[in-house]
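Here, residue 1 is the first one in the sequence, and each next residue gets the next number.
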Amino acid sequence: MKKKWYEEALRRNVVDMHIPDWNEKFMTEFDPEKYVEMLKLAKAQSAVLYAHSHAGPCFYPTKAGHMHKNLNG
């Protein structure tokens, strides 16, 4: 039986970020386009990104909570 792609994917990336927004410098240098460029360069086969931190803020625009105040949408 042929394996599923995720059973053979060895180039994995996990970003387990729990970054509060009380410091005005946190997340100000995050560049999502550069991040994706680096994933491509590394030939990542899967990526896991936390969309919400246990510290409170979300890492995307939302009406249900609050987006990390140092991100630009």
Side-chain angles (χ1 to χ4, degrees):
M1 180 176 193
K2 184 175 180 194
K3 290 186 175 184
K4 308 238 187 263
W5 71 267
Y6 54 82
E7 294 176 316
E8 297 184 326
L10 300 176
R11 291 182 175 266
R12 302 174 185 175
N13 176 265
V14 177
V15 177
D16 186 3
M17 341 188 274
H18 299 287
I19 303 170
D21 59 2
W22 54 262
N23 185 312
E24 64 186 33
K25 292 185 180 183
F26 291 167
M27 298 296 290
T28 58
E29 294 184 29
F30 178 71
D31 181 344
E33 291 177 1
K34 184 71 172 177
Y35 176 74
V36 171
E37 181 183 329
M38 293 296 103
L39 287 175
K40 289 179 180 180
L41 184 65
K43 298 181 181 166
Q45 295 169 294
S46 67
V48 176
L49 299 161
Y50 279 72
H52 179 266
S53 168
H54 74 266
C58 296
F59 302 115
Y60 61 95
T62 179
K63 292 179 184 176
H66 76 277
M67 186 175 81
H68 196 288
K69 65 183 179 184
N70 298 329
L71 292 176
N72 295 317

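- Shortest non-hydrogen contact noted between S53 and I19 is OG-N, 3.6 Å.
- A donor-acceptor contact shorter than 3.5 Å is absent between the side chain of H66 and the backbone of C58.
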Show the atom names and distances, to 0.1 Å, of all donor-acceptor pairs under 3.5 Å that link a side chain in residues 24-31 to residues at least two apart or in another chain.
residue : atom : partner : partner atom : Å
T28     : OG1  : K25     : O            : 2.8
D31     : OD1  : E33     : N            : 3.1
D31     : OD1  : K34     : N            : 3.2

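- Connection of V48 to M17 is not established within any shared hydrophobic cluster, with ILVMFWY side chains joined at heavy-atom distances below 4.5 Å, either directly or through further cluster members.
- Note on residues 4-18: pairs passing side-chain hydrogen bond (donor to acceptor under 3.5 Å, both in side chains), not counting sequence neighbours, are N13-Y35, D16-H18, H18-H54.
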**Prompt:** Yes or no on side-chain contact (heavy atoms from CB on, under 4.5 Å) for Y60 and M67, after CA distance, side-chain angles and deciding distance?
**Reply:** CA-CA 6 Å; Y60 61 95; M67 186 175 81; 5.7 Å; no

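- When every heavy atom of P57 is checked against every heavy atom of P20, the shortest pair comes out as CG-CA, 4.4 Å.
- L49 places none of its side-chain heavy atoms less than 4.5 Å from the side chain of F59.
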